[in-house]
There are 4 protein chains.
Amino acid sequence: MAEKLWGGRFTKAIAPEFERFSESFSYDHRLALAEVRGSRAHVGALQRAGIVSEQEAGALREGLQRLEAELRGPASPLNGNGPLPELEDVHTWVAQRLEQLAGPAARKLQTGRSRNEQVALDLRLYLIDHKEQLFALLARLLGNLGRFAETYAEVLIPGYTHLQRAQPVSLGHHALAYAEMLLRDTARLRDAYSRVEVLPLGSGALAGSTLNLDRELLAKELGFTKLSQNSLDAVSDRDFACELTFVFALLGVHLSRFAEDWILYSSAEFNFLLMGDEYATGSSLMPQKKNADALELIRGKSARQVGNLTRLLTLLKGLPMAYNRDLQEDKEAMFDALQTVLGVLRIAAGVVETTQVRADRAARAADDPALLATDLADLLVENGVAFRDAHEIVGHVISKCVAEERDFRAFSTAEWAEIAPGFLSPERAAALTAAISVGRRNSLGGTSIEQVRAQARRIVEVATRL
Amino acid sequence: MAEKLWGGRFTKAIAPEFERFSESFSYDHRLALAEVRGSRAHVGALQRAGIVSEQEAGALREGLQRLEAELRGPASPLNGNGPLPELEDVHTWVAQRLEQLAGPAARKLQTGRSRNEQVALDLRLYLIDHKEQLFALLARLLGNLGRFAETYAEVLIPGYTHLQRAQPVSLGHHALAYAEMLLRDTARLRDAYSRVEVLPLGSGALAGSTLNLDRELLAKELGFTKLSQNSLDAVSDRDFACELTFVFALLGVHLSRFAEDWILYSSAEFNFLLMGDEYATGSSLMPQKKNADALELIRGKSARQVGNLTRLLTLLKGLPMAYNRDLQEDKEAMFDALQTVLGVLRIAAGVVETTQVRADRAARAADDPALLATDLADLLVENGVAFRDAHEIVGHVISKCVAEERDFRAFSTAEWAEIAPGFLSPERAAALTAAISVGRRNSLGGTSIEQVRAQARRIVEVATRL
Amino acid sequence: MAEKLWGGRFTKAIAPEFERFSESFSYDHRLALAEVRGSRAHVGALQRAGIVSEQEAGALREGLQRLEAELRGPASPLNGNGPLPELEDVHTWVAQRLEQLAGPAARKLQTGRSRNEQVALDLRLYLIDHKEQLFALLARLLGNLGRFAETYAEVLIPGYTHLQRAQPVSLGHHALAYAEMLLRDTARLRDAYSRVEVLPLGSGALAGSTLNLDRELLAKELGFTKLSQNSLDAVSDRDFACELTFVFALLGVHLSRFAEDWILYSSAEFNFLLMGDEYATGSSLMPQKKNADALELIRGKSARQVGNLTRLLTLLKGLPMAYNRDLQEDKEAMFDALQTVLGVLRIAAGVVETTQVRADRAARAADDPALLATDLADLLVENGVAFRDAHEIVGHVISKCVAEERDFRAFSTAEWAEIAPGFLSPERAAALTAAISVGRRNSLGGTSIEQVRAQARRIVEVATRL
Amino acid sequence: MAEKLWGGRFTKAIAPEFERFSESFSYDHRLALAEVRGSRAHVGALQRAGIVSEQEAGALREGLQRLEAELRGPASPLNGNGPLPELEDVHTWVAQRLEQLAGPAARKLQTGRSRNEQVALDLRLYLIDHKEQLFALLARLLGNLGRFAETYAEVLIPGYTHLQRAQPVSLGHHALAYAEMLLRDTARLRDAYSRVEVLPLGSGALAGSTLNLDRELLAKELGFTKLSQNSLDAVSDRDFACELTFVFALLGVHLSRFAEDWILYSSAEFNFLLMGDEYATGSSLMPQKKNADALELIRGKSARQVGNLTRLLTLLKGLPMAYNRDLQEDKEAMFDALQTVLGVLRIAAGVVETTQVRADRAARAADDPALLATDLADLLVENGVAFRDAHEIVGHVISKCVAEERDFRAFSTAEWAEIAPGFLSPERAAALTAAISVGRRNSLGGTSIEQVRAQARRIVEVATRL
């Protein structure tokens, strides 16, 4: 039992199958740098409390520095250079390695500190370490969507509801809808991080620290903005993991919708978009295939994120105070959620960069006269027909067009007189186009080219400042 | 098809079984007041755009006012006074009733407005309407926990990790851990509402409005703080429902943990708490039973909230732009999530108010010497033993105590000399108590009575200001 | 407290807000008939055990019969005829009503029986009562899919993978893919019901019955095929609810895939299918719209089922033995899951019945030469080219076709000689059609017309025998 | 692009970040042996179809045999002996390695076969390969529970409902409740496997095979019992993964309940059980701790399984026919679900083997007179009191006992006369014990020692035959 951080009152050895089952080192080794950083701060606290001497503190600091260098170096023992040692967890590994590097002073480092708070600290530090990358990738994708929208503001496509052609919209407007979702994700992420950046250190195992800690100073050293206020809560709080995972899951769902649309638009039937070779794949059997696999994987990974979230919430449900070993199950879900969101953001950005637009095919589809039905009804309204009556009249117009395979813009004045007696604008009906339709929707948030250009510029600018 | 708001191009009647399957009126009638409010704002917009005359606007406003009065009155047709009419949805019902009350002008009200934006608007308004009640219930529960903690700050219980006795803590400290969780829930709720309060009106069916709307004015009239920036997004955005549901789910999980602990503490085995008769139930078969059913239901309802969240995220996954009928499935989940969170907050507050504390039983449990093992190790550390060595020594002490069924505080000096040669503080070991242990954990967030009192006061005060 | 089935040791009244929070009568009144049936069986058991006299048993039986008649009658107090009485649960209601109908003998009915086993019994009976309807609806949908496949076996459409055109398939083959999924659902449902049909009666509150019950006889009377073997398990087992809900969720996911495809195929872009007016809806704003709302709701309701399943599993997670009040939360999820599956099956069947096929549009799409790429590669293979080399050659053919906007079937012999020197079958390449391609896939499970016809007949026949 | 199995029509290289994002080899290398086995069967099919000559078939078979030997050997390149090659997936790896081992014939192996069916085949084979181990572990745990129940049939503990003491039960009876759950899991697993063992091979990419395959023969060679009947369904069916994952999730939830109970029973407060050192851990800070970590991890891992299930169902929701790349996301969930269930079964079995029972503590708790309240009420019933009246009387008895801190067994005859005038059995009331109570519950499924012994033997025997 010598290698365990605990074990004094145990007489029989742990069962090997339980040792394998319960170890977390195979995944929590990712926290090694965070553990080193937290330990360095703890050395300061121990020194201030008189638990370690200046000399011991020096030895520990030097040991930690050497350990950090080792971890950051190309030959890091935790970075794919050979199999990991078989150990319980990252705390054990750091403790053992530090004892080799810093000598007996290392045996004092565990004073006034428990794994319960260390693991909470390390996970928070790890997430904080990835904050910049997350925002950078969000900015990249937002910027790409904004630029895409600017470039293709004038390309019109059918706008869909219920996947039925509804009204013409700018392709840029469509891309910006996803930018709006990502802006909300960004705001949620910011809010969530304000609750990640809370220092749990100083909570002891559950009841608080007996050392006279300067928690404000520790927070400052470690880059936290707030202090936890209750030790029982601090060692068992995984809200921050749940909340980030929720933000990632909703972001994932947004990108699943984006992916769905772009997969549709890349099909032979829609054909508005052509995937770049860089983000498409072929088939081992069907030589003609060019598949939007990148988007399909993005769509599929949203399910993974929903699964991670369900897992974390179900894990916490009904757990008694304070720390329970169940909480060890938080880490793989959190690591996976983080890696997944980084991946989908990166790939989505690449897809937007490399996708080509088939403006001709889009134009042909956007020219479908059915898309102008609402504008036709509006013409009737302008002539004094109540909207609900105009709606009915146009309904019949469309039925006639479908039955006779015609375009209402080619109706004769006589036909109009029969359909809508007293209708004053047959020539304006005949002149309706997708461009006119789009131009009429020029209030804030509408699809007019002017609005789309302005919104695209705003998104690009916001992305720059993220 | 006359009664539908659509139907012009349809020739066959809707299948009755599909009519029943697709209706939403049986639950979205809850949105009737929101629909009236939104309609009133739309009348102003139509008047400003010259679509309705001053006279028509007047008729509509009067009709809407009468409708509102009807809905708020005791005989409201939607409030349990007889079966609901068989209608498609709340929009149809309001349109029909308004036509009866306001005459033909009502047929103009649908101009420049679609159900897609109406339903988004109504759901947001409905949630905003419940904001005050939500915060009030949070404040009530927080206040109750704070007062409970103040009252019982000096009652000590065993603090648990892994459900094993770990270190003594104040019962107030334990209650405050849950208050901390609720404070985070409150912050999350506030953040989430900032994304609920965004006006979608002016988005048309998907492409924006053709009316020259003053959206800022509409937002002001309806109590929104922001405007949606993209019409496609605005009619299909259900982020706000997901986010609130997540906040409720995590809050529900917190209360499930609280419930678990208080159920444990009300058992014959722990016996620290006695449920009030007001929130307990008995058994139809076993006359002696007094069950903490209120807490069990609170715990169980967390699963309902996780289910609601999974449902919403799965619903949105992979949906194409913009509105799809799938979105109708958002409402029951959202209504249920809201009613459930209101219920569990209310009941949890009542439970805290009526639960009695069995201080004598708590004291007896908190006197378990095993709870003082860490403090004993600290005494060794003070005498210069490295913590990990002290840990091992105390492990052996505990084993000896278990084997001999003794309390280490009764060890003789000779025994100490054997166990820990050179240990200078046997008399301090003998004098260790739960009160001393608790008192030593006096840094911010620790369980000392002083800390607990201060934190309890803070919580009560925060609750007052919510 | 008089109206409660418990309450002897309570002195204070239940809080009204808790009474409302904890009542289940508003939904478990659906179990009233099951409760009556279970009570009738219990009367027999009590009589056999000598607890009630022949006369008392007679009174109880007569009372139960009158109660059943009341519940089955048009004026049933539980069937929408006025508001429900405010009561705790269905057990209380039946007990009270029975006392009115059967007199004091009713006070003996609770002997040797607990609500814990009653609620388990009632829920099982309720599910058994819906078994026939479930299988009938499955049979209806399966039959409709089979007949659809038979009718449209010769209509060819592009088969898709990754939503890219892959190889031609029969539209019937496509419909039969969904029939296969439903056959698996049927098998799973049958398996699940074998675990629903287990009698829990005779378990007491948790420890078993003290009456000398003939459980075999009870099972026979109530239509169960097996007996529970452990009383603690029997009163807290909700596996059957989880398992049915899982079966419904997976079935729902299958129909979500079916819905997705048919929504796509009803779009202007694919246009292979035309929804019947009976199962489509229009738009309040856009008169031209004909939306496949029925399918969208079917797709959306799969999320509801996943939510119900998550809810049940999360509910049970970590619950101690035996009955806990949390279990009350099972019923709404189970009722909703059942009603939802009945609804989606019914509507999907109606959609299949009323949808029209646009054979001309399908044929045009299926004629896309890209769909024949695999068959072209096969020609090369027949000429001795290794498949992976053939795959590469055809890849270049397709690139050339895309670049030059040509059909490879129009390539000259000279062109073939350049592309694939020594290729012996240019004239066979030129003659390739979708029909040839489909005809070549004639092994079991393939898409040849012959296979499709045979499979369609099998499905229709299986549906008849369900 | 040379190393891809596709790529003929692509001109630009795949983006490195997309290559990393989309690779599956890092996890699907687990399928290498299945891929080899499936390939061997395919060689036979190709030979029978005349695609490969006898000589080529021989070369392929020999190559596959060498590859299998390599994979089964200690130096397997896929078994932790150095980093994995950077490849797209296991199919690519096997194809490349086989070309090295078998020469140019390997380039023919892909004829008439697609990755879509290969991946479906491999995953099914992989799951079939683990079937025996799964049933063996179930048998081990069932056997252990049965033997535990036999050994401790006479140890009585309080039975709980609502975590309140309800009636005495045998500790063996409690253990057998979990055995019943596992028996249902076993039955579900068997049912699920009947749907795993379906051969998808012969489906081509989506439309069926053009080879004249003998699918019956293939099934026999590969150990399948059924053939898929529809090629579109066969390449996109992941029901078997969902169903197994559901079975594992429910099994996980059962073990979470078992874990919860045994964690409770190992606490200082209940104290009926003592974890073996082999499956417990200590604390790095608190030397006295002995934590039931094994059980906590088992409990926590149920959340992982619920997450895996949610993930798979959400993944499939709304996917169009047939194969989509989203499906790649099935494998990690399935692998994790399988490894997790193997782990929790193994560890639970070990825990049952090594846990010690504290019979004295159990006896003391089971002697609580409140547990006999139902039996006391039964005595009144035997004297002709209606049960609901008896329930009320005993309620008052219990209140009196609580108020006066007495045991009703010590009530005087005079007291009984006052409480229940005419009560004929005060001396039988005085003689009530837990053993008598347990003995009275002797019908099938009850907690009498006789019943428990019989059930325990049945479980042990069933386990032997699994």
Side-chain angles (χ1 to χ4, degrees), chain C residues 8-9 107-108 110-111 159 161-163 166-167 169 176-177 180 184 191 202 206-210 213 215 228-233 239 242 246 250 253 256-257 260-261 299 302 306 310 313 316-324 381 386-388 392 395 398-399 440-441 443-447, chain D residues 8-9 107-108 110-111 159 161-163 166-167 169 176-177 180 184 191 202 206-210 213 215 228-233 239 242 246 250 253 256-257 260-261 299 302 306 310 313 316-324 381 386-388 392 395 398-399 440-441 443-447:
Chain C
R9 67 167 285 205
R107 293 186 73 79
K108 290 196 173 175
Q110 206 54 20
T111 321
T161 59
H162 308 264
L163 210 67
Q167 296 172 353
V169 296
L176 289 173
E180 286 300 314
R184 286 193 296 275
D191 292 345
L206 73 157
S209 176
T210 54
L213 292 174
R215 293 187 67 208
S228 65
Q229 302 292 314
N230 183 290
S231 58
L232 287 165
D233 174 51
D239 281 16
C242 290
F246 165 71
L250 188 49
V253 165
S256 84
R257 300 187 63 191
E260 174 82 6
D261 265 352
R299 184 175 59 189
S302 68
V306 176
T310 306
L313 290 170
L316 295 174
K317 180 243 170 184
L319 283 193
M321 274 284 166
Y323 183 85
N324 299 278
V381 168
F387 181 79
R388 279 173 54 196
E392 254 189 83
I398 296 292
S399 296
R440 294 178 66 226
R441 286 158 177 86
S443 59
L444 180 71
T447 194
Chain D
R9 66 168 285 205
R107 292 185 73 79
K108 290 196 172 173
Q110 206 54 21
T111 321
T161 60
H162 307 264
L163 211 65
Q167 296 172 354
V169 297
L176 289 173
E180 286 299 314
R184 286 193 296 275
D191 291 345
L206 73 158
S209 177
T210 54
L213 292 174
R215 294 187 66 210
S228 66
Q229 301 291 314
N230 183 291
S231 58
L232 287 165
D233 174 52
D239 282 15
C242 291
F246 165 70
L250 188 49
V253 166
S256 83
R257 299 187 63 192
E260 174 83 6
D261 265 351
R299 185 174 59 187
S302 68
V306 176
T310 305
L313 290 170
L316 295 173
K317 181 244 171 183
L319 282 193
M321 273 286 165
Y323 183 84
N324 299 279
V381 168
F387 181 79
R388 279 173 56 196
E392 254 188 84
I398 296 294
S399 297
R440 294 179 64 225
R441 286 159 178 84
S443 59
L444 180 71
T447 195

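Predicted model only: the values in this text are computed from it and were never measured. Chain naming here is simple, since letters A, B, ... match the order of the sequence lines and numbering starts at 1 in each.
- The minimum heavy-atom distance between D:Gly318 and C:Ser256, with the atom names listed, is N-OG, 2.8 Å.
- When C:Asn324, C:Asp191, C:Val253, C:Thr447 are compared by the number of non-hydrogen pairs under 4.5 Å with chain D, C:Asp191 comes out ahead.
- Note: D:Ser231 leads D:Ser231, D:Ser302, D:Gly446 in heavy-atom pairs under 4.5 Å with chain C.
- Ranked by non-hydrogen atom pairs under 4.5 Å with chain D, the options C:Gln229, C:Lys108, C:His162 are led by C:Gln229.
- In this structure, CD in C:Gln110 is found 7.5 Å from CZ in D:Arg388, a value given to the nearest 0.5 Å.
- When the side chain to side chain contact (heavy atoms under 4.5 Å, CB included) test is applied to D:Asp239, the partners found at least two apart in sequence or on another chain are C:Arg184, C:Arg188, C:Leu250, C:His254, D:Asp237.
- In this structure, the side chain to side chain contact (heavy atoms under 4.5 Å, CB included) partners of C:Ser209, at least two apart in sequence or on a different chain, are C:Leu211, C:Leu213, D:Ser443.
- Taking every heavy atom of both residues into account, D:Ala166 and C:Leu206 meet most closely at CB-CD2, 3.7 Å.
- Considering only heavy-atom pairs separated by less than 4.5 Å from chain D, the leading option among C:Gly202, C:Ala207, C:Pro320 is C:Ala207.
- Only the side chain of C:Arg215 comes within contact range of chain D, judged by heavy atoms closer than 4.5 Å.
- Of the inter-residue distances, the one linking C:Arg257 atom CZ with D:Asp233 atom CG reads 8.0 Å to the nearest 0.5 angstrom.
- Ranked by non-hydrogen atom pairs under 4.5 Å with chain D, the options C:Thr210, C:Thr310, C:Leu232, C:Val306 are led by C:Thr210.
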Check against side chain to side chain contact (heavy atoms under 4.5 Å, CB included), D:Met321 and C:Glu260: CA-CA 9 Å; D:Met321 273 286 165; C:Glu260 174 82 6; over 6 Å; no
